[in-house]
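Written below as structure tokens is the structure these notes are about.
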Amino acid sequence: MDGSLGHFKATLSRRKERKAKNKSKFEKGNRSLSNSDSKTTYRFPKLTPKELEKVKATIKLKKQTQVLNEMIIFAAILIAIISVILFLNI
């Protein structure tokens, strides 16, 4: 039982410090993120309909290439797993 009271008091003091720290963190009034009075404004460039179609086409092309790459990776992993399973069953 040597020092058990000391350990207990140290645990209580650490718990008290953590509680005070967390209380001050959440009760300081830092509510700048929840300010609903102002609306966020974005400065996007004005595009002509022709430029807008170009942007849409590039986004669509990027999406298609990404989907194709994901399918190739999935197929390669699937083939590797099937090969390992067949190799282990022989």
To the closest 0.5 Å, what do you measure between [atom1] ([X]) and [atom2] ([Y])?
X: Leu12; Y: Glu17; atom1: CG; atom2: CD; result: 11.5 Å
X: Thr48; Y: Glu53; atom1: OG1; atom2: CD; result: 10.0 Å
X: Glu70; Y: Thr65; atom1: CD; atom2: OG1; result: 10.0 Å
X: Gln66; Y: Leu61; atom1: CD; atom2: CG; result: 12.0 Å
X: Lys16; Y: Ser13; atom1: NZ; atom2: OG; result: 9.0 Å

| message | side chain to side chain contact (heavy atoms under 4.5 Å, CB included) for Lys60 and Gln64? Distances and angles first, verdict last. | response | CA-CA 6 Å; Lys60 187 175 183 180; Gln64 287 174 347; 3.8 Å; yes
- If you link ILVMFWY side chains whenever their heavy atoms are less than 4.5 Å apart, which other residues fall into the same cluster as Ile73? By chain and number, please.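 Once heavy-atom contacts under 4.5 Å are chained together, Ile73 belongs with Ile77, Ile81, Ile85.
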Note to self: Apply the hydrophobic cluster definition, ILVMFWY joined by side-chain contacts under 4.5 Å directly or through others, and give me every member besides Ile82.
What the structure shows: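 Direct or chained contacts put Ile82 with Phe74, Leu78, Leu86.
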Practice task
Determine the minimum heavy-atom distance between Glu51 and Lys46, stating which atoms define it.
Solution key: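 Here Glu51 and Lys46 meet closest at OE1-O, 4.3 Å.
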